[in-house]
Amino acid sequence: EKGGWSSFMAKEIDEDPIAVENTLRGRIVDGRVELSELAALDETYFREIDRVVIIACGTASYAGMVGSYALEAWARFPVTVELAHEFRYRNPVLNERTLIISISQSGETMDTLMAVRYARERGAKTVSICNTQGATIPRESDAVLYTHAGPEVAVASTKAFLAQITALYLFGLHAGRIRETLDESYERELVAEFQTVPDKIRTVLESRPRIHELANWMADTRSVLFLGRHVGYPIALEGALKLKEIAYIHAEGFAAGELKHGPIALIDHGQPVFVVVPSPRHDDSLHPKVVSNIQEIRARGARVLAICEQGDAAVLPFADEVIAFPPTDHFFEPLLAVVPLQSFALELSTAKGLDVDQPRNLAKSVTVE
Ligand code: F6R
């Protein structure tokens, strides 16, 4: 039931915070992550894993990309993310030390299921991240980490995406502890910060009226670009996918560093560009690089819509619009930054008078290859 909401998608975006909260619930014990559902993979195995391959499609693959940065940083696995439908056809190198993590909201996506089967037959272990109890993919995996986003009805995935990132991060923290690759005090800091994320998402949701206005002004827009870097890169891809799916607008996401290797040629007067800006507090020098990208596109006439940390003074002079999120650890920024992009797609679809929940040509669960 969609209750008082205008669409299931609107309701499900409002459930972003609770999806994260419920996926964390019961999995943090004394300030550290414990995933009893992974007991089938013992500690020796965790130490022996020499490669992780995340397989998924669409939005779930972008959750996989976000998670890949954390798994690599925290558990020091080499991680790649593969689209499930490409994976099987490249004759991938797999063995018993390869861990496959599949991600699927429905647990029934045929491409993902076939990739899991393929990997298992070749000796890899499989963990599935799934939102649907008892679905086919979790039944065919060695272990399951359920996301607890609740049923997702709108065709465009929203709250499940946040829950998938949450589950991957839990996996990364769990693996980092076992593999002793994560400093304990940093681990505890991350876990404590993680628990504040749902409330920070609630703060970000307050930007909804502003996004409504923005989308109304932009109802005639024919193309929107999205830029991001590091964990913000998959968020740019996800922002673009949402807009294609439900607003039927040409949209593309790019890694900000890739701009000068081609896409900057697309920038023309008035071209709207969403930029996901990392916090200036991180000591990784990404912030000034993204700010200089903003300056480059602004100088070429782009209309810059910045999603940045509250009070980010370096962005203000160059942005036509600023949507701010509260300060958090770098890894948690995607869980905040994606929310306005989901709302933007919803509002633009609504402004165009389209069916938000049932976009043309799409099905909620793709059970054919
Ligand atoms: C995007 C969307 C799709 C799904 C993809 C995978 O909004 O809904 O891209 O994410 O089809 O579906 P699941 O997660 O059910 O395997």
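Atoms within a ligand are numbered from 1 in the order they appear, just like the ligands themselves. Any value given below was found using the heavy atoms of this structure, including those in side chains, with hydrogens, waters and symmetry copies removed. Nothing here was measured: the structure is a model prediction, and the numbers come from that model.
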*What part of Asn131, side chain, backbone, both or neither, has a heavy atom within less than 4.0 angstrom of ligand 1?*
neither

*Where do Arg32 and Val191 land on the side-chain contact (heavy atoms from CB on, under 4.5 Å) test, with the steps shown first?*
CA-CA 7 Å; Arg32 303 184 86 177; Val191 171; 5.6 Å; no

*Minimum-distance protein heavy atom relative to atom 8 (O) of ligand 1*: Val155 O, 3.2 Å

_Ala60: numbered ligand 1 atoms lying under 4.0 Å from its heavy atoms_ = 10 (O), 14 (O)

*Min heavy-atom dist Glu108 to ligand 1 below 4.0 Å*: no

_Testing the 3.5 Å rule here: is there a donor-acceptor pair between the side chains of Thr136 and Glu108?_
yes

_Nearest-neighbour protein heavy atom for atom 14 (O) of ligand 1, which is reported as residue plus atom name and distance_ = Gln105 N, 2.6 Å

*Compute the shortest N/O to N/O distance between Thr109 and ligand 1 and return yes if it is under 3.5 Å, no if not.*
yes

*Please state which protein non-hydrogen atom is closest to atom 4 (C) of ligand 1 and give its distance, to 0.1 Å?*
Thr59 N, 4.1 Å

_Nitrogen or oxygen atoms of Thr112 and ligand 1 under 3.5 Å apart_ = no

*Residues Glu1 and Lys11 bridged, charged N to O under 4.0 Å*: no

*Please lay out, stage by stage, how Asp183 and Ser185 fare under the test side chain to side chain donor-acceptor pair (under 3.5 Å).*
CA-CA 6 Å; Asp183 171 69; Ser185 62; 2.7 Å; yes

*Report the C-alpha separation of His230 and His282 in whole Å, then their side-chain angles, then the decisive distance to 0.1 Å, and conclude whether the side-chain contact (heavy atoms from CB on, under 4.5 Å) test is met.*
CA-CA 12 Å; His230 191 261; His282 309 311; over 6 Å; no

*Atoms of ligand 1, numbered as shown, that sit under 4.0 Å from any heavy atom of Lys242*: 1 (C), 7 (O)

*So, for Phe332 and Phe194, is the gap between ring centers shorter than 6.0 Å?*
yes

*Would a 4.5 Å heavy-atom cut-off, applied to side chains only, mark His330 and Pro278 as touching?*
yes

*Ser365 near ligand 1 by a heavy-atom separation under 4.0 Å*: no

*Output the list of atoms in ligand 1 that are nearer than 4.0 Å to some heavy atom of Gly58, sorted by atom number.*
9 (O)

*Among all protein non-hydrogen atoms, which one is nearest to atom 11 (O) of ligand 1, and what is the separation to 0.1 Å?*
Val366 CG2, 4.3 Å

*Numbering the atoms of ligand 1 from 1, which are under 4.0 Å from a heavy atom of Ala156?*
7 (O)

_atom 15 (O) of ligand 1 - nearest protein heavy atom and its distance_ = Ser106 OG, 2.7 Å

_Considering both backbone and side-chain atoms of Ile103, is one of its nitrogen or oxygen atoms within less than 3.5 Å of a nitrogen or oxygen in ligand 1?_
no

*Subset of ligand 1 atoms that lie under 4.0 Å from at least one heavy atom of Ser104*: 13 (P), 14 (O), 15 (O), 16 (O)

*asked:* Between Glu193 and Thr196, does the side chain to side chain donor-acceptor pair (under 3.5 Å) criterion hold? Intermediate values first, please.
replied: CA-CA 5 Å; Glu193 181 58 28; Thr196 71; 3.2 Å; yes

*Which residue, Tyr69, Trp74, Tyr186, forms the ring-ring contact (aromatic ring centres under 6.0 Å, His included) with Phe331?*
Trp74

_Assigning hydrophobic clusters by single linkage (Ile, Leu, Val, Met, Phe, Trp, Tyr; side-chain heavy-atom cutoff under 4.5 Å), is Ile54 placed with Leu113?_
no

*Answer yes when Arg210 and Glu321 have at least one side-chain N-carboxylate O distance shorter than 4.0 Å, and no when they do not.*
yes

*asked:* Parallel, tilted or perpendicular: which one describes the rings of Phe77 and Phe46, with boundaries at 30° and 60°?
replied: tilted

*Which of the atoms of ligand 1 are close to Cys57, meaning less than 4.0 Å from one of its heavy atoms?*
5 (C), 6 (C), 10 (O)

_So for Thr158, does at least one of its heavy atoms come nearer than 4.0 angstrom to any atom of ligand 1?_
no

*So which heavy atom in the protein is nearest atom 2 (C) of ligand 1, and how far is it from that ligand atom?*
Glu245 OE2, 3.6 Å

